[in-house]
Number of protein chains: 2
Amino acid sequence: MAKNRSYKLLCPIARALDRIGDRWTLLILRDLHAGPARFTELQRGLTGIAANLLTERLGKLVDDGLIEKGDGGHGAVVYELTDLGQQTSEIIFELAMFGAQFEPEGEVVAPGNLRTVATTLGAAAKRAAKPEMNFRAALKVDGEDISLDVENGQATAIYGSCPDPDLLFRTGYQDLLAVSEGDLAPDQFLREHSELEIITPGKEGEFTDLMSSIIGMINDQ
Amino acid sequence: MAKNRSYKLLCPIARALDRIGDRWTLLILRDLHAGPARFTELQRGLTGIAANLLTERLGKLVDDGLIEKGDGGHGAVVYELTDLGQQTSEIIFELAMFGAQFEPEGEVVAPGNLRTVATTLGAAAKRAAKPEMNFRAALKVDGEDISLDVENGQATAIYGSCPDPDLLFRTGYQDLLAVSEGDLAPDQFLREHSELEIITPGKEGEFTDLMSSIIGMINDQ
DNA sequence: CGGGATCCGTTACGATACTG
DNA sequence: CAGTATCGTAACGGATCCCG
């Protein structure tokens, strides 16, 4: 992996792990599924990854064609997923579904940013959205902006503010986790642990439908 | 992970990786999805994992409730998946789908046994089988037995011989890989790189249907 | 022979410091 | 901001040995 620790096995699973099985690598991809990001932004989301490790992992991901360096404006470098890198979406979503059932144990810490929320929500929405759905939702989770865009049932969630939204939804990260772990009932979450502000009347039904589907999908797995 | 290298992140993906993100762990689970296995059988399938590492990984998987020690008969210990461990099936299948597109590079080596084939085939069949399908297929891949059982569309593949099969299917591991990578056309694979022996007439249609669906699913992803 | 435990050299990781 | 350099520590990999 990092250097020469490939499994060298003639097996598709081993070949996948040779590319994304290193420590931190899947978490880096997780954050990039929420949209292009700068080096420092990634470092913050990974809470304490050493700079040299992040450098090495990014380099290997570029070499393997999963990500590429892009132009973030005024000379800034951003990393973003290639088409090949996008294909890890299903893997990451299944990991999230599997991991959501475990209680956080010991001294855990919230990530330095909420890109993980955008990724998980986006992957879930891709599966749960119905073809007739069309809306743009501006989410604020603990004050951080996430844009959820659904176009004819094609959902995309990006970490960042949403231009021209149909509605605004506020909640907290801890509340989202509680719902996904089954510790908080969906309707109680929607009634007491979040605020919904309607901008385009009529769109709020589609949004709450989608949220309910997502919560149901997570809980009954 | 191994000792205290948990990510300690409040994120479902990190919580999943704390359990199954260690080196070798997903490959161990891969082999166990093909049915219970003994220590030495696992060691062979993983081609060269050090005994101490396998011991440590198995111990952690038992502690985390993903696998358990069972009785393999005449005092033999076998490791097998718990219900929780079974839930990693989707993750492993998505890894296989992602990894199947890469050409093996450099000096790779075939795994010491073909449990990986049973796992990948089983996961694919679970998705591709239609509800009306019912058959038992005895597969021989490079002489190793894999049992594919489909009951009302519920597919299970186990590494081991199939009792009372409806048909017998022989092929080679390299041929299977070539098909899954798109280097060998499905119909050419079925005609020239495999043998089908019919035991219960009429069942061969269901089997080739399923195989075609699986190959199509892998290739157009 | 199966299922490990122990020891040891090598490699990767993690923290801090430093640089363009 | 975006990394590079250094270095102590922890994990890995290979071998050997042990016990039923």
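Order of the sequence lines fixes the chain letters, A, B, ..., with proteins taken first and strands second; residue numbering starts at 1 for each chain.
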Can you tell me if CG on A/D63 sees more than 12 non-hydrogen neighbours from other groups inside 6.0 Å?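 Yes, enclosed.
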Does the plane of the ring in B/Y79 sit parallel, tilted or perpendicular to the ring in B/F39? Use 30° and 60° as the thresholds.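 Correct class here is tilted.
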Select one nucleotide: of C/dC13, C/dG4, D/dC12, the one nearest the side-chain heavy atoms of B/E56.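 For B/E56, the side-chain atoms sit closest to D/dC12.
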Check ion pair [X]-[Y] (N to O, under 4.0 angstrom):
X: B/E41; Y: B/R38; answer: no
X: B/E197; Y: B/K140; answer: no
X: B/E90; Y: B/R127; answer: yes

Are the side chain of A/T25 and the backbone N or O of A/G21 linked by a donor-acceptor pair below 3.5 Å?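 No.
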Rounding to a whole Å, what distance do you find between [X]:[atom1] and [N]:[atom2]?
X: A/D22; N: C/dT11; atom1: CG; atom2: C1'; result: 13 Å
X: B/W24; N: C/dT11; atom1: CH2; atom2: C1'; result: 15 Å
X: A/L54; N: C/dA15; atom1: CG; atom2: P; result: 14 Å
X: A/I28; N: C/dC13; atom1: CD1; atom2: C1'; result: 13 Å
X: B/Q43; N: C/dA5; atom1: CD; atom2: C1'; result: 13 Å
X: A/L58; N: D/dA2; atom1: CG; atom2: C1'; result: 11 Å
X: A/R57; N: D/dG3; atom1: CZ; atom2: C1'; result: 16 Å
X: A/L53; N: D/dT4; atom1: CG; atom2: P; result: 13 Å

Quick one about A/T200 and A/D166 (side-chain donor to acceptor, distance below 3.5 Å, no hydrogens or angles considered), yes or no? yes
Expected rows: protein N/O vs nucleotides 14-18 of chain D N/O, under 3.5 Å:
from, atom 1, to, atom 2, distance (Å)
D/dG14, OP2, B/G48, O, 3.3
D/dG14, O6, B/N52, ND2, 3.0

Mind checking whether B/F189 and B/M211 have side chains closer than 4.5 Å, heavy atoms only? yes
Ignoring backbone atoms, establish whether B/R5 has a side-chain N or O less than 4.0 Å from OP1 or OP2 of C/dG14. yes
Give a yes/no on whether any side-chain N or O of A/R23 is located under 4.0 angstrom from OP1 or OP2 of D/dA11.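 Answer no for this pair, as no side-chain N or O of A/R23 is under 4.0 Å from OP1 or OP2.
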Tabulate protein N/O versus nucleotide N/O from nucleotides 1-3 of chain C, keeping only pairs under 3.5 Å, one per line.
from, atom 1, to, atom 2, distance (Å)
C/dG2, O3', B/R38, NH2, 2.5
C/dG3, OP1, B/R38, NE, 3.4
C/dG3, OP1, B/R38, NH2, 3.4
C/dG3, OP1, B/V77, O, 3.1
C/dG3, OP2, B/F39, N, 3.0
C/dG3, OP2, B/T40, N, 3.2
C/dG3, OP2, B/T40, OG1, 3.3

For residues 146-160 of chain A, please give each side-chain donor-acceptor pair under 3.5 Å, one per line with the distance, not counting sequence neighbours.
from, atom 1, to, atom 2, distance (Å)
A/N152, OD1, A/N134, ND2, 3.0
A/Y159, OH, A/E144, OE1, 2.4

